[in-house]
Amino acid sequence: MKIIEDIDKNEVIINDIRIEGSIADEKCPKCNNFLILYEKYDSYFCAYCNEWTERKCSDPDCFFVRIDPKNLYE
């Protein structure tokens with residue numbers, strides 16, 4: 001898996017797929033790779049594990065309520 005951060009555009013490129021976000025300083029507790037902040041969902045995920053690392057917001061009126069995509073970075 002190839003992951004590149006474009007700081008100037010505030011994007012992360014995962015296998016040629018661009019998402020708005022940044023690579024975090026925190027690491028995944030499962031695989032120890034760096035997490036990615038996905039701005040669209042205001043949440044962190046691990047591209048290697050293909051999993052969110054935070055729970056979904058319990059507030060149904062929350063602006064950032066996310067629908068878990070099948071593949072997080074698509």
Side-chain angles (χ1 to χ4, degrees):
M1 178 173 293
K2 184 176 179 182
I3 300 176
I4 301 169
E5 183 175 27
D6 186 336
I7 296 170
D8 295 334
K9 293 183 180 179
N10 191 38
E11 291 182 332
V12 176
I13 306 156
I14 305 168
N15 292 337
D16 298 322
I17 298 169
R18 292 179 173 268
I19 65 165
E20 185 179 349
S22 58
I23 297 175
D25 293 332
E26 297 176 56
K27 291 190 173 187
C28 174
K30 287 186 177 181
C31 70
N32 207 37
N33 285 295
F34 286 103
L35 298 177
I36 297 171
L37 173 61
Y38 197 159
E39 293 286 344
K40 180 177 179 180
Y41 299 105
D42 189 37
S43 194
Y44 293 91
F45 76 97
C46 176
Y48 291 91
C49 296
N50 198 33
E51 293 180 359
W52 297 106
T53 59
E54 300 174 277
R55 291 185 174 176
K56 185 176 177 182
C57 179
S58 61
D59 180 357
D61 297 322
C62 178
F63 178 76
F64 292 108
V65 172
R66 67 173 184 260
I67 299 169
D68 292 324
K70 181 178 178 184
N71 291 304
L72 298 174
Y73 48 87
E74 289 185 352

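Keep in mind that what you see is a predicted model, and the values were worked out from it rather than measured. What you see below is based on every heavy atom in this structure, not just the backbone, and it leaves out hydrogens, waters and symmetry mates.
- Interatomic distance, CD of Glu5 versus CD1 of Ile36, reported as 9.0 Å (0.5 Å rounding).
- Cluster annotation: Met1 is connected to Ile23 through the hydrophobic network of ILVMFWY side chains, with a link wherever side-chain heavy atoms come within less than 4.5 Å.
- Transitive grouping of hydrophobic side chains (ILVMFWY, heavy atoms separated by less than 4.5 Å) keeps Ile13 and Phe45 in distinct clusters.
- One finds the CG atom of Asp6 at 12.0 Å from the CD atom of Glu20 (value rounded to the nearest 0.5 Å).
- In this structure, Phe34 and Ala24 approach most closely via the heavy-atom pair CD2-O, 3.2 Å.
- Taking the six-membered ring where the residue is Trp, Trp52 and Tyr41 present perpendicular rings, their angle passing 60° and hence far from 30°.
- Once rounded to the nearest 0.5 Å, the distance linking CD of Glu26 with CG of Leu37 reads 9.5 Å.
- Lys27 contributes atom NZ, which lies 7.5 Å from atom CG of Asn33 (distance to the nearest 0.5 angstrom).
- Residues Lys30 and Cys49 share a closest heavy-atom pair of CB-SG, 4.0 Å.
- Atom CD of Glu39 is separated from atom CD1 of Ile19 by 9.0 Å, given to the nearest 0.5 angstrom.
- Cys46 contributes atom SG, which lies 8.5 Å from atom CG of Asn50 (distance to the nearest 0.5 angstrom).
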